[in-house]
Amino acid sequence: MLIFESIKLALSAIRANKMRSFLTMLGMIIGISSVIAIVSLGQTMRSLIADEYKSVGTNLAYTFITSPDGYYTTDMTFDVDYVKELKSVFADDLDYISFRNTERGELITGRKKADAYLNGLAENPTAYQDLKMVYGKMFSNQDIINARPYIIIEKETAVQLFGTENAVGKNIRAKLNGSGEVIDLTITGVYENTQSALAKLMGGGNNGRASTYVPETLIIGSGGYFWEIYTMYSDNTTQQEFQNKLIRYISKTKNVEPQNIIYSSAADEMSMIDSMMNTLSTIVGAIAAISLLVGGIGIMNIMLVSVTERTREIGIRKALGARTEDILLQFLIESAIISAAGGAIGTALGIGVVAAGGIAFGISVVVNPTIVVIAVGFAAVVGIFFGLYPASKAAKSDPINALRYE
């Protein structure tokens, strides 16, 4: 019963000074909302990055040869024949291997034009790019091997150029920016863009260009060479096993030292970025948490003022039989309520800001309930800690002097 009576007294005192109590809560509101918003933003970005890498494939990696003396030669590159050799040697371990070649160009049909990226796809294309086809179909391996003049376009591009989503079977001309070569192509498929939320948030990375797909063999020819090759290992092996075997083979066949062969996987990059994001989120969250301490100092300041203003009330309560611990409990509960109320409002504000941002950018936000519980609990603890001195001062006051206080 004593606790309930103390709560009633604390709420009565808070209601009597509404504006002052709210301003005291403001430090907690800002601190809690900042911590929740920042930590949630960090976790949301980590989730989006993880989704982005999963959509690409964590088994994707690129490999290239570095020069110890900074002097590069064509012997350190890869050509079509060498990739065919790797495909044969690692047949059981490879799901996909390509140069990941992309050409900038212009799509032309009649008087209509559209800037575009022509992305090359190698054999077993769905292992690397599983497009959501709405009309037509993906290239077959024979289409790629025979370098057939086929193209897959996005449905928005189909509407832009042909006035309809279903442009399968229609012909289109592509002019490559680099070589100036003009290729007549037949549309064999139309796909729907299912970019991840992160890619959409960053503008899709296409700079307003249409994203299309063609057989890789169509745009690299047979005599070109490239500095990198892209691979996706199969379920028959692990990243480390495949990486070691690939590096050993390239080292032997290219006559280079293993340490000069770089194998960079999407999984490693994802782990590194995730670690960086986690560290950054923790550091920024900790900085934001400093405002909680500032809010706690504000609570202590206001409680000291409150103790001074209510000196006569304290004296009357003591004269009527209130014990020292009763007065201590009353003021501790009052400071804890102010702090916890600020924490609750700050929590709602923080979650609201994060949710509004998610709606505005069309992304799914991540709010960790543990962080919310910790933040509110910490706010209450801060309120009690900084309310301890004012409460102790009130509890230890002499009732005779308190009654004389004007």
Side-chain angles (χ1 to χ4, degrees), residues 45-80 82-103 117 119-130 195-196 198-199 202 204-206 211 213 216 220 224-280:
M45 291 302 296
R46 289 174 66 191
S47 176
L48 290 176
I49 290 170
D51 290 342
E52 179 72 6
Y53 273 99
K54 286 176 183 176
S55 69
V56 172
T58 53
N59 61 338
L60 175 68
Y62 62 90
T63 305
F64 62 94
I65 301 171
T66 64
S67 172
D69 56 8
Y71 183 70
Y72 289 86
T73 68
T74 54
D75 293 336
M76 303 167 68
T77 62
F78 307 96
D79 59 17
V80 173
Y82 191 79
V83 165
K84 287 180 179 178
E85 181 182 331
L86 291 176
K87 196 182 303 181
S88 175
V89 172
F90 295 97
D92 295 332
D93 297 325
L94 270 176
D95 273 347
Y96 187 81
I97 181 169
S98 79
F99 298 111
R100 207 180 182 188
N101 192 54
T102 295
E103 293 281 347
Y117 286 114
N119 303 296
L121 291 178
E123 292 175 56
N124 195 20
T126 54
Y128 168 66
Q129 193 70 62
D130 192 12
Q195 284 180 317
S196 70
L198 180 62
M202 298 177 69
N206 289 332
S211 186
Y213 295 89
E216 185 177 67
I220 64 173
Y225 58 86
F226 298 84
W227 296 103
E228 298 174 334
I229 54 171
Y230 288 79
T231 57
M232 298 182 77
Y233 60 85
S234 68
D235 294 335
N236 297 328
T237 185
T238 64
Q239 176 184 318
Q240 197 60 54
E241 289 173 346
F242 177 71
Q243 178 179 342
N244 291 341
K245 286 193 287 187
L246 181 64
I247 288 176
R248 281 198 302 267
Y249 188 83
I250 294 175
S251 174
K252 179 182 176 181
T253 55
K254 289 287 187 178
N255 194 28
V256 294
E257 294 297 324
Q259 61 266 27
N260 293 331
I261 301 171
I262 306 300
Y263 179 96
S264 181
S265 71
D268 292 338
E269 290 181 2
M270 183 179 72
S271 177
M272 181 179 65
I273 293 175
D274 183 70
S275 177
M276 290 173 58
M277 290 294 300
N278 185 40
T279 302
L280 182 62

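Considering CG of Leu60 and OG1 of Thr231, their distance stands at 7.0 Å, rounded to 0.5 Å. If you take CD1 on Ile97 and CD on Glu123, they are separated by 10.5 Å, rounding to the nearest 0.5 Å. Remark: Arg248 CZ to Gln243 CD distance equals 11.0 Å, nearest 0.5 Å. Interatomic distance, CG of Asp93 versus OG1 of Thr238, reported as 9.5 Å (0.5 Å rounding). Note that CD1 of Ile262 is 5.0 Å distant from OG1 of Thr66, once rounded to the nearest 0.5 Å.
Tyr96 meets the ring pair (Phe, Tyr, Trp, His ring centres under 6.0 Å) test with Tyr128; sequence neighbours excluded. Scanning for side-chain hydrogen bond (donor to acceptor under 3.5 Å, both in side chains) contacts around Thr237 gives Glu241, with sequence neighbours left out.
Judged purely by atom type and a 3.5 angstrom limit, Thr63 has no side-chain atom pairing as donor or acceptor with the backbone of Tyr263. Between the Asn244 side chain and the Gln240 main chain, a donor and an acceptor come within less than 3.5 Å of each other. Side-chain N or O atoms of Ser251 include one that pairs as donor or acceptor with a backbone N or O of Val256 at under 3.5 Å.
Closest non-hydrogen pair, Ser98 versus Glu216, comes out as CB-OE2, 3.3 Å. The minimum heavy-atom distance between Asp95 and Tyr233, with the atom names listed, is OD2-O, 3.8 Å. The two residues Asn236 and Asp92 make their nearest non-hydrogen contact at ND2-O, 2.8 Å. Nearest heavy atom pair, residue Met232 against residue Asn59, reads CE-OD1, 3.1 Å. The minimum heavy-atom distance between Ser265 and Ala61, with the atom names listed, is CA-CB, 3.6 Å. Taking every heavy atom of both residues into account, Thr253 and Glu85 meet most closely at CG2-OE2, 4.1 Å.
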Can Tyr82 and Ile250 be said to form a side chain to side chain contact (heavy atoms under 4.5 Å, CB included), step by step? CA-CA 10 Å; Tyr82 191 79; Ile250 294 175; 3.7 Å; yes
Side chain to side chain donor-acceptor pair (under 3.5 Å), that's the test. Do Thr102 and Asn119 meet it? Break it down for me. CA-CA 4 Å; Thr102 295; Asn119 303 296; 3.0 Å; yes
Step by step, would you call Arg100 with Phe226 a side chain to side chain contact (heavy atoms under 4.5 Å, CB included)? CA-CA 10 Å; Arg100 207 180 182 188; Phe226 298 84; over 6 Å; no
Verdict with reasoning, Leu246 to Leu86, per side chain to side chain contact (heavy atoms under 4.5 Å, CB included): CA-CA 9 Å; Leu246 181 64; Leu86 291 176; 4.2 Å; yes
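Sorted by first then second residue, the salt bridge (Lys or Arg N to Asp or Glu O under 4.0 Å) pairs that include residues 251-263, not counting sequence neighbours, number zero.
Ring-plane geometry between Phe90 and Phe242 is classed as perpendicular, the angle between the planes exceeding 60 degrees on a 0 to 90 degree scale with a lower cut at 30. Note: Tyr62 and Phe64 have parallel aromatic rings, judged against thresholds of 30 and 60 degrees for the angle between ring planes.
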